[in-house]
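What follows is a short report on a single structure.
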Amino acid sequence: MDLSRRGFIKLTGAGLAASSLGALGFGLAGTALAASVRPFKLTAATETRNTCTYCSVACGILIYSQGDRAKNVRSSVIHIEGDPDHPVNRGTLCPKGAGLLDIVRAPGRLTVPKYRAAGATEWTEVSWDFALDRVATLMKQDRDANFIAKNVAGTTVNRWTSTGMLAASAASNEAAYVTFKWARSLGMVTFDNQARV
Amino acid sequence: MTNTWQDIKNANVVLVMGGNAAEAHPCGFKWVIEAKIENKAKLVVVDPRFTRTASVADIYAPIRPGTDIAFLSGVIRYLLENDAIQHDYVRAYTNASLIVKDGFAFEDGLFSGYNEEKRSYDKSTWDYELDEQGYAKVDDTWQHPRCVMNLLKKHIDRYTPEMVSRICGTPQDKYLEICKLIATTAEPAKALTSLFALGWTQHSIGAQNIRTMAMVQLLLGNIGVAGGGMNALRGHSNIQGLTDIGLLSASLPGYMNMPKDGEVTFDKYMETKLFKPLRPGQTSFWQNYRKFFVSFQKAMFGAAAKAENDWAYDWLPKLDVDGYDILRAFEMMNNGQMNGYICQGFNPMQAFPDRGKIRRGLSKLKYLVVMDPLDTETANFWQDYGPQNPSKPEDIQTEVFQLPTTCFAEENGTLVNSARWLQWHWKAADAPGQAKTDLWIIAGLYNRMKTMYAREGGAFPDALLNLTWNYADPHEPEPEEVSKEMNGRALADVADPATGAPLLKAGQQLDAFAQLRDDGTTMSGCWIFAGSFTDKGNMTARRDASDPREAGIAPNWAWAWPANRRILYNRASANPEGKAWNPGKPVIEWNGSKWVGVDVPDYGPTVKPSDGVGPFIMNAEGVGRLFARTMMNEGPFPEHYEPFESPSENVLHPKVKSNPAARVFASDRAQMGVSSDFPYVGTTYRLTEHFHYWTKHALINAILQPEEFVEIGEVLAKEKGIEQGAWVKVSSKRGQVICKAFVTKRIKPLMVDGKPTHVIGCPIHWGFTGVARKGYGANTLTPSVGDANTNTPEFKAFLLNIEKTSPPPAIDVAQGPRNGPQKKGGSL
Ligand code: SF4
């Protein structure tokens with residue numbers, strides 16, 4: 001029987017019928033064991049392929065989440081492990097990757113946009129509309145005031161140096177490219193990423 | 001990486017220097033163990049600390065931080081002196097035979113053309129002597145005194161084993177043992193792989209560290225072959241991708257360059273990009289620069305980029321300086337020249353040198369926008385967290401926005417790993433609370449600004465108003481759409497220029513960058529990704545792990561740029577006739593009519609060996625460079641310069657101590673210490689349990705390594721009366737950290753020029769947010785100076801003092817800002 005490790009877990013967990021364990025050669029002992037074991041919790045979970053968010057080894061991972069992704073049902077991650085089929089990590093994870101569940105569910109995860117006014121001593125929770133409207137306005141004000149269309153030699157240079165951006169090192173290429181388009185179309189040059197640190 | 005992670009198993013010798021793969025890249029390091037077990041490979045580790053990588057090494061040698069060039073130049077000297085180079089490879093595949101211009105010189109630590117005032121070089125003598133046709137002159141016999149080989153011999157002659165040991169503090173016997181082992185891979189069928197990371201890059205001479213090793217590899221014939229290469233292990237999960245897409249001050253996607261002020265027109269810009277072959281018959285990707293550029297502009301601006309407006313060339317900003325890198329950005333901020341800053345998944349309060357300067361800079365902004373899944377120090381820089389972040393919020397006038405984003409588990413898209421693989425990942429769960437994707441947030445800002453500019457006008461709105469934004473949902477582009485846009489497609493029917501036969505229909509996704517045109521009939525957001533998302537589908541989502549001949553290639557797993565090629569320069573894996581140097585592990589070979597093998601050829605697929613086209617097809621000379629011409633800012637040959645803060649003189653040239661071409665702002669120079677006040681060498685590093693400043697938010701990692709510490713050797717501990725676990729005050733000219741001392745046998749004093757030199761290791765992982773205990777952050781201590789080419793900060797070698805101190809009062813380890821309500825929980 002050609003069965004991957006994941007297939008094995010699915011099968012033994014999902015079936016739990018004596019016959020499926022019997023088919024795997026566990027015989028009667030397996031039947032008894034199966035009867036005493038509570039259902040394997042990952043069987044009802046959705047398995048999704050992803051990669052570790054930390055270093056550039058980019059280990060393959062399997063994320064198990066609850067919720068069937070039906071409309072209006074929120075899904076949440078309940079378990080993460082190495083992808084045994086991945087050609088680089090072959091199922092292993094290091095102490096960083098093995099703790100991925102704790103970063104997805106970290107108490108420090110942000111859930112609400114927040115704003116701190118000039119001189120304020122506390123954060124205020126705000127709506128997305130408030131935050132994005134205000135940021136866009138501040139950016140436009142600064143850009144309109146400080147944009148350099150031509151340099152002293154009269155060359156068109158169309159650059160904006162007084163607002164800068166640091167781009168994310170764990171964001172996808174797709175997020176990066178859209179960020180690039182937006183920032184460069186504004187003429188932004190004080191623009192960097194985390195390649196060096 | 002030039003090669004793949006799995007390919008490491010093909011190596012005969014693995015050199016880990018400038019990195020600590022066992023702890024920083026553990027699952028990749030497995031392939032080193034595989035090489036040891038299956039290929040009887042020897043592992044060599046050179047590091048200031050006896051790391052976990054060192055603990056499984058066959059040979060370990062200590063080295064003083066910041067002296068790798070001296071060590072590796074010594075290796076080059078050893079290889080040349082003992083004739084341990086792969087002669088045929090060096091002759092055919094490097095520029096050893098090319099003749100350098102008369103006038104090129106090196107004297108007292110400086111190359112010809114130095115301008116002290118500007119701290120830069122006039123590089124006009126750093127080039128080849130050309131013949132009437134414009135080709136570099138060659139002497140295959142290596143008799144000419146100015147052929148690269150002879151200039152190299154002369155240059156490295158000073159790096160004798162005695163000198164190496166004097167500078168590096170490495171015992172001579174260990175050093176020579178390593179030279180001997182490295183030299184065994186000069187044999188054509190043997191390979192050495194070089195694995196490195198920030199341990200080489202984070203120096204004021206970082207780029208030259210890497211160059212020196214690349215030269216070693218070229219001399220040994222180890223580039224392009226299985227089990228060889230220069231393998232930068234890279235840090236963050238998509239830092240390769242962000243660099244590929246050009247999210248750097250001076251870059252455009254696919255390693256094209258941002259226009260400069262002097263490049264007043266598109267034609268002028270193109271003049272510096274035109275690839276002039278320096279040897280007969282050479283070819284290059286870069287001959288197609290115009291096609292890449294025009295297709296990029298078509299991706300950016302669609303129909304608004306046309307021949308009549310030079311493809312909207314003027315709509316891109318032009319640079320008046322080499323780049324607005326991070327060090328310059330914070331200098332500008334401190335000088336009041338910046339008003340706004342956006343940190344997308346980036347935490348400069350922890351990540352950038354001289355934290356005090358970072359905090360002062362942020363305090364001068366009008367607005368700061370932080371997009372992040374986590375609560376970062378940067379977003380909270382204005383809060384008073386006690387000694388770890390003293391502040392008076394009332395005095396800080398910066399408006400701060402903290403925007404919650406999704407993390408990897410909550411979105412689709414590609415990341416590029418260090419082996420250049422684009423791997424698609426799938427969303428597994430919904431975002432917590434109101435967190436949104438970066439795509440949604442950026443689209444939200446774009447749409448708002450576009451509306452405002454369309455309505456009210458304002459400074460140069462053309463580029464923004466004409467930006468291509470034809471996404472199905474303009475408020476949140478789908479990752480698949482964007483991925484297709486980067487790949488590129490035909491905008492009109494495209495025919496084969498040679499035969500006229502139809503090649504692409506309008507609207508068809510491109511299969512390869514070779515299909516790009518410079519007449520506006522194709523578009524591609526990032527030409528090196530062409531082929532990643534074709535009409536056949538999303539190549540990056542492929543998950544077939546099969547690996548012909550178990551070569552370590554896995555060609556159908558995801559997709560690698562360029563053109564799904566897994567080993568760069570793989571033409572060099574075969575000899576000039578097209579046969580593998582190592583018949584046991586061929587990568588590609590000439591079969592009489594084309595190149596075939598386990599990988600996609602990095603070469604014209606039907607270019608005959610007899611045509612004499614060099615294997616390094618990106619280079620104008622077609623060969624690998626032992627002499628870098630004008631590519632590097634501090635010289636065409638690497639030279640040992642001391643770190644900007646160093647306890648040692650530069651014994652090679654006392655007058656030129658540190659990198660003469662590195663840019664240093666006066667305010668930063670004033671913040672540099674001297675060894676009479678700060679006698680010890682500090683170096684930062686990472687722990688295997690933590691990833692930068694993120695995992696202090698993850699409970700398991702915070703439990704494993706809960707609090708800030710420095711690592712010191714037993715001898716220094718005894719000298720200073722510091723017991724295991726004692727509280728210490730660690731200081732540099734820029735600030736101080738109060739934390740515990742971890743006394744180990746892993747760091748030993750080095751004898752440098754007859755003087756014992758102590759190293760203090762500073763792990764970087766703690767700050768004032770997260771569930772781990774509060775820390776000051778190692779960047780409180782580090783100097784604000786960078787590499788002369790990349791401005792990568794010098795985090796790996798600087799000056800410190802250390803004193804025993806009393807434990808801090810309990811309040812300092814409590815969580816939460818002092819100005820606001822204390823946070824619940826969190827404290828361990
Ligand atoms: S599991 Fe470890 S080695 Fe693998 S990608 Fe994550 S951090 Fe890197």
Side-chain angles (χ1 to χ4, degrees), chain A residues 48 50-51 53-54 56-59 63 65 74-75 77 87-89 92 94-96 99 102-104 106 108 110-111 114 116 118 121-122 132 136 138 142 144 147 155-159 162-176 182 185 187 189-190 192-193 195-197, chain B residues 5 26-28 234 236-237 239 241-243 245 247 264 314 317-318 324 329 339-340 342-346 351 367 374-375 393 397 400 402 404 408-409 413-414 417-418 425-426 428-430 432-433 438 444 446 448 458-459 463-464 467 479 482 545 554 689 691 697-700 792 819-820:
Chain A
T48 310
N50 206 300
T51 48
T53 189
Y54 296 131
S56 282
V57 178
C59 292
I63 304 182
S65 47
R74 283 184 90 86
S75 50
V77 177
V88 176
N89 64 308
T92 61
C94 80
K96 292 172 274 283
D102 280 4
I103 199 84
V104 175
L110 304 172
T111 55
K114 286 185 196 162
R116 182 258 176 189
T121 55
E122 275 181 46
L132 297 183
L138 286 167
D142 179 51
D144 287 349
F147 190 79
T155 307
T156 301
V157 295
N158 285 335
R159 69 173 159 257
S162 54
T163 286
M165 177 160 190
L166 294 168
S169 55
S172 64
N173 288 336
E174 292 70 27
W182 170 68
S185 75
V189 287
T190 317
D192 218 320
N193 72 35
R196 294 154 183 158
V197 290
Chain B
W5 283 104
C27 299
R234 310 234 67 161
H236 302 248
S237 60
I239 210 52
L242 267 93
T243 308
I245 300 169
L247 284 89
V264 293
D314 273 347
K318 293 192 185 72
Y324 287 85
N339 299 316
I342 305 167
C343 298
Q344 180 191 39
F346 203 142
Y367 64 101
L374 296 166
D375 194 25
Q397 297 307 309
V400 188
Q402 189 178 44
F408 68 102
T414 46
N417 76 357
S418 19
H425 65 275
W426 288 266
D430 294 310
D438 290 58
Y446 160 79
R448 280 170 174 80
L464 182 72
L467 192 65
V482 182
E689 294 86 357
F691 184 78
H697 288 274
L699 188 59
I700 180 76
T792 303
N819 48 288

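We name chains A, B, ... by the order of the sequence lines, and we start the count at 1 in each one. These numbers come from the heavy atoms of this one structure, side chains and all, not from hydrogens, waters or symmetry mates.
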Among [options], which has the most heavy-atom pairs under 4.5 Å with chain A?
options                        : answer
B/G444, B/P432, B/A545         : B/P432
B/G413, B/P393, B/A463         : B/P393
B/V264, B/D438, B/V482, B/I342 : B/I342
B/A459, B/A409, B/G345         : B/A459

Is a donor on one side and an acceptor on the other found under 3.5 Å between the side chain of [X] and the backbone of [Y]?
X      : Y      : value
B/K318 : A/N158 : no
A/D142 : B/G340 : no
B/S418 : B/R234 : no
B/H425 : A/T51  : no
B/D430 : A/S75  : yes
B/S237 : A/T53  : yes

Among [options], which residue forms the greatest number of heavy-atom pairs with chain B at distances under 4.5 Å?
options                       : answer
A/T190, A/V77, A/L166         : A/L166
A/A170, A/G187, A/P95, A/A167 : A/A167
A/V157, A/N173, A/D192        : A/N173
A/T92, A/V88, A/V104          : A/V88
A/G108, A/S162, A/A175, A/G99 : A/S162

So which part of [X] gets closer than 4.5 Å to some heavy atom of chain A, the side chain, the backbone, both or neither?
X      : value
B/W5   : side chain
B/A554 : side chain
B/L467 : side chain

message: Are the side chains of B/Q344 and A/M165 in contact, using a 4.5 Å heavy-atom criterion?
response: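 Sidechains of B/Q344 and A/M165: in contact.
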message: In this structure, is the centre-to-centre distance between the rings of A/Y54 and B/H236 below 6.0 Å?
response: no
